[in-house]
Amino acid sequence: MLFPRQEGKGTLHLLLCVLLLAAWKTGSGQVHYSVPEEAKHGTFVGRIAQDLGLELAELVPRLFRVASKGHGDFLEVNLQNGILFVNSRIDREELCGQNLECSIHLEVIVDKPLQVFHVEVEVKDINDNPPVFRAREQRFFIPESRLVDSRFPIEGAADEDIGTNALLTYTLSPSDYFSLDVQASDELSKSLSLELRKSLDREETPELHLLLTATDGGKPELEGTVQLLITVLDVNDNAPLFAQAGYRVHLLESTANGTLVTTLNASDADEGVNGEIVFSFGSDVPLNIQKNFKIDSSSGEIRLIGRLDYEETKSYEIQVKAVDKGNPPMSNHCKVLVKVLDVNDNAPQLAITPLSLPVREDSPLGTVIAFVSVSDRDSGVYGQVTCSVMPPIPFKLVSTFKNYYSLVLDSALDRESDTPEHHLLITAVDGGKPELTGTTQVKITILDVNDNAPEFERSVYKVSLFENAPNGTLAVIVNASDLDEGVNKDIVYSFNTDMSADTLSKFHLDPVSGYISVKGNIDFEDTKLYEIQVDATDKGNPPMAGHCTVLVEILDVNDNVPELVIKSLSLPVLEDTPLGTVLALISVSDRDSGANGQLTCTLSPHVPFKLVSTFKNYYSLGAPKTDLMAFSPSLPPGPIGGDREEQLNVDGDISAKMLRNGGYSGIGLNS
Ligand SMILES: *[C@@H]1O[C@H](CO)[C@@H](O)[C@H](O)[C@H]1NC(C)=O
Ligand SMILES: *[C@@H]1O[C@H](CO)[C@@H](O)[C@H](O)[C@H]1NC(C)=O
Ligand SMILES: *[C@@H]1O[C@H](CO)[C@@H](O)[C@H](O)[C@H]1NC(C)=O
Ligand SMILES: *[C@@H]1O[C@H](CO)[C@@H](O)[C@H](O)[C@H]1NC(C)=O
């Protein structure tokens, strides 16, 4: 039973009625009771007989009965004591619903005489009904994007009680997100709503379970609760998030086409399409990235589709984008740094810068012939190059600076004895494993220097010539050669200027062919041996010369008639000149030499003289015994030649016969 605290006259009155179970008459003369609902069977309601002025004894005889219109047997009267008591459970709410006034009207009828009394039994509300929500739970679907202060109506509870027993107060379980807003008005039940106090975040709190409690004003108070199930609806408010702030990948430049570079990993806190991520390269991706890398839009795999070259590009910075499929979409960026690692894939390359080519054979040692620069596009030891030259003589490589060399003359050159051309092989080897090699061939031409004098085949040529050799006859061909080349070996022959004018006048020398021929008349009897000095001079600058001597021996030819000289002659000769008298002294001579100059003197036969050799080539003519006058000249001088022995009569008087080996000459003796 409820004892409201509310102060007031009516309430106090009600309190007294209930406590004392006292009845009082209404203004209409009716008896008025009140009974709390839900009172137990037998609960005292009122002394109805007494209050109606009836004697207990007369109740039965007068057929005291109570009728309740339609309200059955809630109440009954004990005919023994005239007390109205509760017979069966009275539920005010069932009886009257939400009407504030709820009473059971009793008609009390007695006979003899018939009297009808009206009794009102007010059924007093007790707080026997808790506030009741229509459902055990209420669901809300709230997009996470709803603004703070948004309201969401809640169905309130109902309490079948009335008055303060039905006066509901609501409390909401504590929540950061929602508060309860209650709008009260006099006549209407309270309007409840959830008011958003803090922005929702589905990703943080996808669901909220709140408990709304309605408490009535009864004593003790009753409460009813309802679960408020709030489902936060996703809104595409989360951008995809990369698992790493950036990706770093190292790839050898030899990495094969198709190799997986990296797999991007991004997540999106949103759900459904809002959380579905599409990977792509950022806009404005440089061409070389598009050419070399491919991204799988769903798996985030980045693969190599081209060829890396450390020497060309050492690293790639790839901008990647993750975009979700929400509307509007949200996106995020990330960078992938691909560092390319060097591989020894470049052979050294050699470049030769000729400096003094061709090389003069008299170049001093240390002369720099050429610069050799090597380059290797690889880095580190892969690009460190060592150079060597083959053959190691006569040039060497001198390192001047990292990867720069000078090709230097290391030993003396001689074009003639060595070789006019050197073929060098320069090899550059890098530091890779395995190493790579670059080679280049260098042809070095040795430039001739006029360091060789012409040299004659022989230093002395010996030839002989008959003195009658005609003009133009070849005496000898001198031949000199020069080891040098070009003009340095072009030879000009000439007579040495120290030679005598006579010799010069007798011979001709062809300056080109070395052909020495007879020019003037040569005469054995004049000069028997010519010594010709010949120079061979090359056309080098300065020129060099070689010398030789040509000895021309002149051979005698029997070209001189013996000469007979009568030194003294005693003529006429007397007849009686005694025998042996020297008539004349005769000397003979021949300019030819050898046998050509050997003379034999004879007298013609039948001549009465006697020729006596006194000394070589000297004769005396002795006196005859015959008549000299009978002696007459005969033959004219004849030709030279043959082995014939002929007699020559000179002027008819004396003839001398001269024999030479193979020939003779005749002379006449003037008488
Ligand atoms: C992606 O990242 C998530 C969380 O950071 C992790 O659980 C998952 O294994 C990653 N996936 C790959 C393929 O690395
Ligand atoms: C790499 O492979 C892809 C597909 O296999 C091909 O289309 C592409 O031409 C290749 N790239 C090179 C540089 O070989
Ligand atoms: C001169 O000598 C050279 C070599 O010594 C030889 O080749 C050449 O034929 C010679 N010339 C003549 C005309 O004999
Ligand atoms: C020899 O011949 C040359 C030309 O053939 C001529 O010039 C020269 O005078 C001649 N010498 C003599 C002595 O006849």
Side-chain angles (χ1 to χ4, degrees), residues 249-263 279-281 285-316 318 336 338-343 345-346 377 414-417 419-420 448 450-465 472-496 507-518 532-540 543-552:
V249 187
H250 289 95
L251 289 180
L252 290 177
E253 58 177 324
S254 58
T255 300
N257 187 5
T259 301
L260 177 67
V261 176
T262 189
T263 305
F279 293 99
S280 63
F281 288 142
V285 186
L287 198 65
N288 70 334
I289 290 178
Q290 287 178 27
K291 244 172 42 190
N292 285 316
F293 299 95
K294 178 182 80 169
I295 189 166
D296 185 295
S297 63
S298 55
S299 69
E301 280 184 354
I302 298 180
R303 283 185 186 276
L304 190 63
I305 54 162
R307 210 181 62 78
L308 297 175
D309 186 356
Y310 175 84
E311 289 68 35
E312 214 172 86
T313 313
K314 300 198 169 28
S315 66
Y316 295 89
I318 310 176
V336 179
V338 178
K339 288 204 147 202
V340 182
L341 300 179
D342 194 23
V343 164
D345 58 350
N346 287 284
R377 297 182 64 222
D414 185 6
R415 195 195 66 84
E416 290 75 26
S417 71
T419 167
D448 187 45
N450 194 22
D451 55 353
N452 285 282
E455 212 171 308
F456 283 95
E457 281 173 319
R458 286 182 258 164
S459 57
V460 176
Y461 293 82
K462 281 188 181 161
V463 292
S464 50
L465 275 179
T473 300
L474 170 67
V476 70
I477 300 173
V478 292
N479 185 11
S481 58
D482 192 312
L483 291 172
D484 295 323
E485 63 171 8
V487 294
N488 291 341
K489 74 182 294 185
D490 280 355
I491 291 173
V492 176
Y493 298 100
S494 61
F495 288 133
N496 192 297
F507 296 96
H508 173 264
L509 169 60
D510 185 274
V512 176
S513 63
Y515 193 104
I516 299 178
S517 58
V518 176
I532 306 173
Q533 303 291 346
V534 181
D535 293 344
T537 309
D538 64 29
K539 294 182 181 166
M544 295 189 78
H547 310 279
C548 77
T549 305
V550 180
L551 294 176
V552 183

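As the structure is a prediction and not an experimental result, all values here were calculated from the model. Ligands are counted one by one from 1 in listed order, and the atoms in each one are counted from 1 as well. For the numbers below, each heavy atom of this structure counts, side chains included, while hydrogens, waters and symmetry mates do not.
Once rounded to the nearest 0.5 Å, the distance linking CD1 of Ile305 with NZ of Lys294 reads 7.0 Å. Note that the CZ atom of Arg415 and the CG atom of Asp448 stand 4.0 Å from one another [nearest 0.5 Å].
Among protein heavy atoms, atom 12 (C) of ligand 2 sits closest to Asn257 ND2, 3.3 Å.
Polar contact check, Gly306 against ligand 2: no nitrogen or oxygen pair lies under 3.5 Å apart.
When each atom of ligand 3 is checked for a heavy atom of Asn479 under 4.0 Å away, the hits are 1 (C), 2 (O), 3 (C), 6 (C), 8 (C), 10 (C), 11 (N), 12 (C), 14 (O). For ligand 3, the atoms closer than 4.0 angstrom to any heavy atom of Glu457 are 1 (C), 2 (O).
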Kindly determine whether Asp296 and Ser298 satisfy side chain to side chain donor-acceptor pair (under 3.5 Å), including the steps that lead there. CA-CA 6 Å; Asp296 185 295; Ser298 55; 3.0 Å; yes
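Below 30°, between 30° and 60°, or above 60°: for Tyr493 and Phe456 the angle between ring planes is between 30° and 60°, a tilted geometry.
Atom 9 (O) of ligand 2 is not flagged as protein-proximal [any protein heavy atom, distance under 4.0 Å]. By the definition of a contact as any protein heavy atom under 4.0 Å away, atom 4 (C) of ligand 3 is not in contact.
Side-chain contact of Asn450 with Asp538: a donor-acceptor pair under 3.5 Å is present, judged by distance alone.
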